[in-house]
Amino acid sequence: MYGWIREEEAVRNAKASETGLIALLIGYTVAEVERDLIIETLRAYDGNRTRAAKTLAVSVRTLRNKINEYEAKGFDIPTSVHNQVC
């Protein structure tokens, strides 16, 4: 049990949430979804590329290459407070 929710109910709710999320993605390309996921993960980790790469299960090098690609296309990429020049 998960607190006051039975396990079967939690699994059923998770599947319904997943289905709803997938429905929201219809109409977007895989590249758009990937880009937004990368940018939002970086934002969640305050621009920390190492943590974002680990969460996304990609190498830091792959993440860096994607970031360079998005920056070249004009997208605003969150940067770590440690990398900002004052």
Review point. Would you call Arg43 and Glu40 a salt bridge, taking side-chain N to carboxylate O under 4.0 Å as the test?
Key: yes
**Study point:** Asp46 side chain near Pro78 side chain, heavy-atom distance below 4.5 Å
**Key:** no
Review point. Is there a side-chain contact between Lys73 and Arg35 (heavy atoms, below 4.5 Å)?
Key: no
Any chain of hydrophobic side-chain contacts (each under 4.5 Å) joining [X] to [Y]?
X     : Y     : result
Ile38 : Val33 : no
Phe75 : Leu56 : yes
Tyr45 : Ile77 : no

Measure the spacing between [atom1] of [X] and [atom2] of [Y] and express it to the nearest 0.5 Å.
X     : Y     : atom1 : atom2 : result
Leu63 : Lys54 : CG    : NZ    : 14.5 Å
Thr41 : Arg51 : OG1   : CZ    : 11.5 Å
Tyr70 : Glu34 : OH    : CD    : 4.0 Å

Practice item. Return the minimal non-hydrogen interatomic distance between Val60 and Thr50, and the atom names on each side. Key: CG2-CA, 4.1 Å
Exercise for review: Check Thr79, Leu42, Ile39 against Ile67 for a side chain to side chain contact (heavy atoms under 4.5 Å, CB included) and give me the one that passes.
Suggested key: Leu42
